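Shown next, in structure tokens, is the structure this report addresses.
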Number of protein chains: 2
Amino acid sequence: MKTKKIDIDFENSIGPWLGRTGKMVDYFFQESFNAIGLDLTKEQMIVLKKLTFQDGLNQNELAFLTLRNKSSLTRLLTKMEKKNYIFRKQSKEDKRIKNVYLTKYGKDIYNKTKPVIQNLITTMEQNISKEEKQQIIKIFKKIQTNFSSSIEHI
Amino acid sequence: MKTKKIDIDFENSIGPWLGRTGKMVDYFFQESFNAIGLDLTKEQMIVLKKLTFQDGLNQNELAFLTLRNKSSLTRLLTKMEKKNYIFRKQSKEDKRIKNVYLTKYGKDIYNKTKPVIQNLITTMEQNISKEEKQQIIKIFKKIQTNFSSSIEHI
DNA sequence: GCTCCTTAGTTGCATATGCAACTATTTAAT
DNA sequence: ATTAAATAGTTGCATATGCAACTAAGGAGC
């Protein structure tokens, strides 16, 4: 007897849920920035955030911390430098390295994102209990571990 | 007394976990396709999947189902049409509408992705119990609801 | 039947991204 | 010291994406 399940059950796995939810977060993020006239993308915000916590990181470190290809980071920084959010400075010890710093303006911009981010968190985590939050983060950690251990040995 | 917490607690919210995990999934996905020489992106695969379940969808419907801007879908389809995975056909009832169909080759390609997707699910959901899976999906649903209701009334 | 509004799809412009090839610089090896 | 290998960053080429302006076609109102 032939079953009607002619396809694998991808739709009920975690993947699509993750993808769709992520898209909605991204969309809401950009929407919020645009709404208050912030000339900023989520990706640029993440760079500003990392630099706020540790100014002067080099591009390699920034790329690693933001899970980004170094070429992608190069271009991201070029745009941010043009907008005067950050500036690059060649290291004196090792001329290959460029350290990246926030400008005063970049700091201002980052401060302006704070209420937006706060609002995003509030909106997103509405009706979600502390336990659920812990649960989901625990599961995220597991998934990341699963992929890390799987990708390493390739 | 001044607290040391000078920044909002974005890092411990769900957002970054979601973003990073999503990136890893995407990376693993692409890696897997490339590994077996499949000339396909995750996005193209999703289109193939939707068409597998319902051949002949029009572009508007496809864009909606895949959470994509219609212009983005246009270009995605153009590339897929060039690779002969799908073809467009103008509707006779309404000449504005283009229905999209899988080619024989497109079906073959989609079938080849199945083991890859199966492997992705297996890898990703390793050590994750049925209960956890239900939990995480339930929370994803909540987040999506939160954003939907929030975006609507803008 | 003509005008206006709406809808489906396309295109220009801007962003982000990965891979691979390239340059410049540093370090290791002989 | 000179050569070879490794490292940091950039660039070409390809993909995907959203917004806004556009074209073509359908539908409503008169």
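What you are looking at is a predicted structure, and each value in this text was computed from that prediction instead of being measured. Lettering follows sequence order; numbering is per chain, from 1.
- For B/Gln59, the side-chain atoms get nearest to C/dG9 when compared with the rest of D/dA16, C/dG9, C/dT17.
- Cluster note: B/Tyr101 groups with B/Phe87 through ILVMFWY side-chain heavy atoms spaced under 4.5 Å, whether in direct contact or through intervening members.
- Proximity of residues 60-69 of chain A to DNA chain D (heavy atom under 4.0 angstrom from any strand atom) is restricted to A/Asn60.
- B/Phe33 places its CZ atom 17 Å from the P atom of C/dG18, with the value rounded to the nearest Å.
- Linking ILVMFWY residues whenever their side-chain heavy atoms come closer than 4.5 Å, directly or via other members, places A/Tyr105 and A/Leu76 in the same cluster.
- Partners of A/Glu61 under the salt bridge (Lys or Arg N to Asp or Glu O under 4.0 Å) rule, at least two apart in sequence or in another chain, do not exist in this structure.
- Contact annotation: A/Lys70 side-chain N/O to C/dC19 OP1/OP2 distance is not under 4.0 Å.
- Within residues 77-96 of chain A, the residues having any heavy atom closer than 4.0 Å to DNA chain D are, in order of number, A/Arg88, A/Arg96.
- For the pair A/Tyr27 OH and D/dA16 C1', the computed distance is 17 Å after rounding to whole Å.
- Between the CG atom of B/Leu73 and the C1' atom of D/dT15 there is a distance of 15 Å, given to the nearest Å.
- DNA chain D lies under 4.0 Å from at least one heavy atom of each of the following residues of residues 37-44 of chain B: B/Thr41, B/Glu43, B/Gln44.
- Residues satisfying the side chain to side chain contact (heavy atoms under 4.5 Å, CB included) test with A/Thr123, not counting sequence neighbours, are A/Phe28, A/Asn119, A/Gln126, B/Phe147, B/Ser150.
- Applying the ring pair (Phe, Tyr, Trp, His ring centres under 6.0 Å) test to B/Phe140 and every residue at least two apart in sequence or in another chain returns nothing.
- By the side chain to side chain contact (heavy atoms under 4.5 Å, CB included) test, A/Gln144 pairs with B/Trp17, B/Arg20, B/Thr21, B/Met24, sequence neighbours left out.
- Rounded to a whole Å, the CD atom of A/Glu31 is 18 Å from the P atom of D/dT17.
- Here the side chain of B/Ile97 is nearest to one of D/dA8, C/dA8, C/dT10, namely C/dA8.
- Considering only heavy atoms from C-beta on, A/Met124 stays 4.5 Å or farther from B/Asn146 through its side chain.
- Distance NZ (B/Lys98) to P (D/dT23): 16 Å, rounded to an integer number of Å.
- Between the CG atom of B/Asp26 and the P atom of D/dT17 there is a distance of 10 Å, rounded to whole Å.
- Of all the heavy atoms in A/Glu125 and B/Ser13, the pair that sits closest is OE2-CB, 3.2 Å.
- Residues passing the side chain to side chain contact (heavy atoms under 4.5 Å, CB included) test with B/Asn34 are B/Gln30, sequence neighbours excluded.
- Under the salt bridge (Lys or Arg N to Asp or Glu O under 4.0 Å) criterion, A/Lys98 pairs with no residue at all, not counting sequence neighbours.
- Contacts classified as salt bridge (Lys or Arg N to Asp or Glu O under 4.0 Å) and involving residues 135-144 of chain B (residues at least two apart or in different chains) are given here: A/Glu132-B/Lys138, A/Glu132-B/Lys142.
- Put simply, CG on B/Asn58 is 17 Å from P on D/dA25, counting in whole angstrom units.
- Residue B/Leu76 is in sugar-phosphate contact alone, with no base atom involved, counting any heavy-atom pair closer than 4.0 Å across all strands shown.
- Residue B/Arg75 contributes atom CZ, which lies 15 Å from atom P of C/dG9 at whole-angstrom precision.
- A search for side chain to side chain contact (heavy atoms under 4.5 Å, CB included) contacts involving A/Asp108 returns A/Lys104, not counting sequence neighbours.
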